[in-house]
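In what follows, residues are counted from 1 in the order of the sequence shown. Owing to the predicted nature of the structure, the values given are computational and were not obtained by experimental measurement. Start at 1 and go down the list; that is how both ligands and their atoms are numbered.
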Amino acid sequence: MAGAANEIEKLAELVEQAKSLVAFTGAGISTECGIPDFRSPGGLWTRYKPIEYSEFLASPDIRLEAWRRYFRLHETMRGAKPGRGHQAVAHWVETGKAAHVITQNIDNLHQESGVPKEKLIELHGNGTFARCLACSTRHELDWVREELERQARAPACRLCGGIVKTATISFGQPMPETVMAEAHGATEACDLFLAIGSSLRVYPAATLPLLARRWGAKLVIINNESTDFDEMADLVINRDIGETLSAASLSLANHFRSKTSPAA
Ligand code: NAD
């Protein structure tokens, strides 16, 4: 445990010294909330081959299958509450330590933990609602579910008849340029970049830690397993996210108390 304590101290020190950090999160921050990630044992990829965007567009049967799968995942997502990792990140945002949270997650848990909209960059969209791909009209998931049950096919937009899809970015779907530009801006402006719970294998999101390092920020990677970026990081912590971030927050609070309490 001495190793863990040292790593947590080092993390707390880096966070304390940072003027403006970015928390970049992946599916690993939400596993303790009961939402499976992609690549861990038992993760979503061990069960399903992902449906590519082009397949979704091309076939009504694949759209129906995509929606059925999505609602199975959504059952776990909608009961989930933010975990210790989300809470630590939200606290750093609230206290002004973190300028932005950039997330690959679609589960809405950073919002639920209190991170305001203007501080959150959702690279892969949000899975709590749907949009028409043609006219962008928002559709609620309850309506999509009712339509699926009623007619056993993927619903079309109520306004224009276009294809309705979760408001997320699928494999093979172009990333919105404005979102990527915001993520680049936030990465360029930070002096500490925390990559939390991501295998760093999904591109272009995975270029961000590299850019952060290149643009002069310190890089910390917190993940159960190693990543291709470990060698360039200032600190790598291969431990549980909830435990690590809650312990680092506590350590920071203790530093702060010992600095501000009157000398005995
Ligand atoms: P990933 O599944 O590729 O990687 C998650 C990483 O987190 C793994 O390396 C795993 O070892 C690690 N991990 C899991 N639980 C952990 C824990 N408690 N402590 C420490 N490490 C832990 O996920 P990714 O890199 O985010 O990329 C997958 C893509 O899938 C993203 O684009 C994301 O949009 C999507 N996705 C999102 C959710 C979600 O919204 N919660 C869930 C699954 C997939």
Without placing hydrogens or testing angles, list every side-chain donor-acceptor pair under 3.5 Å for residues 183-199, not counting sequence neighbours.
{"from": "Thr187", "atom 1": "OG1", "to": "Ala183", "atom 2": "O", "distance (Å)": "2.7"}
{"from": "Asp191", "atom 1": "OD1", "to": "Lys19", "atom 2": "N", "distance (Å)": "3.3"}
{"from": "Asp191", "atom 1": "OD1", "to": "Ser20", "atom 2": "N", "distance (Å)": "3.1"}
{"from": "Asp191", "atom 1": "OD2", "to": "Lys19", "atom 2": "N", "distance (Å)": "2.8"}
{"from": "Ser198", "atom 1": "OG", "to": "Gln104", "atom 2": "NE2", "distance (Å)": "2.9"}
{"from": "Ser198", "atom 1": "OG", "to": "Leu200", "atom 2": "N", "distance (Å)": "3.0"}
{"from": "Ser199", "atom 1": "OG", "to": "Arg39", "atom 2": "NH1", "distance (Å)": "3.4"}

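The side chain of Val202, and not its backbone, has at least one atom closer than 4.0 Å to an atom of ligand 1 (non-hydrogen atoms only; side chain from C-beta on). With a 4.0 Å heavy-atom cut-off, ligand 1 is reached by the side chain of Ser30 but not by its N, CA, C or O. Contacts between Ile106 and ligand 1 below 4.0 angstrom, taking non-hydrogen atoms only, involve backbone and side chain alike. Residue-level proximity to ligand 1 for Asp37 is carried by backbone and side chain together, each with a heavy atom below 4.0 angstrom.
Ligand-side atoms of ligand 1 in range of Asp107: 39 (C), 40 (O), 41 (N), range being under 4.0 angstrom from any heavy atom. Less than 4.0 angstrom separates some heavy atom of Arg239 from each of these atoms of ligand 1: 19 (N), 20 (C). For ligand 1 and Thr31, the ligand atoms under 4.0 Å from any heavy atom of the residue are 14 (C), 15 (N), 16 (C), 17 (C), 18 (N). Contact atoms of ligand 1 toward Pro36: 42 (C), 43 (C) (distance under 4.0 Å to a heavy atom of the residue). Within ligand 1, the atoms closer than 4.0 Å to a non-hydrogen atom of Ile35 are 41 (N), numbered from 1 in the order shown.
Between atom 18 (N) of ligand 1 and the options Ile241, Thr25, Asp240, Asn224, the minimum heavy-atom separation is to Asp240. The residue from Glu225, His110, Met77, His124 that puts a heavy atom closest to atom 31 (C) of ligand 1 is His124. One option in Gly85, Ser198, Gly26 has a heavy atom closer to atom 25 (O) of ligand 1 than any other, and that option is Ser198.
Checking side-chain atoms of Lys165 against main-chain N and O of Thr168 turns up a donor-acceptor pair under 3.5 Å. The main-chain N or O of Asn238 is never found under 3.5 Å from a side-chain atom of Asn224 such that the two would form a donor-acceptor pair.
Residues Trp143 and Arg158 form a side-chain contact, since some pair of their non-hydrogen atoms from C-beta on lies under 4.5 Å apart. Inter-residue side-chain proximity for Phe129 and Asn108 is flagged as unmet; no heavy-atom pair is nearer than 4.5 Å.
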- [ ] Please test Tyr70 against Arg145 for side chain to side chain contact (heavy atoms under 4.5 Å, CB included), starting from the C-alpha separation and ending with a verdict.
- [x] CA-CA 10 Å; Tyr70 188 73; Arg145 192 196 292 269; over 6 Å; no
Task: CA sep, side-chain torsions, deciding dist, call: His86, Ser30, side chain to side chain contact (heavy atoms under 4.5 Å, CB included) - done: CA-CA 8 Å; His86 298 98; Ser30 298; 3.4 Å; yes
- [ ] Kindly determine whether Asn254 and Ser251 satisfy side chain to side chain donor-acceptor pair (under 3.5 Å), including the steps that lead there.
- [x] CA-CA 5 Å; Asn254 288 339; Ser251 169; over 6 Å; no
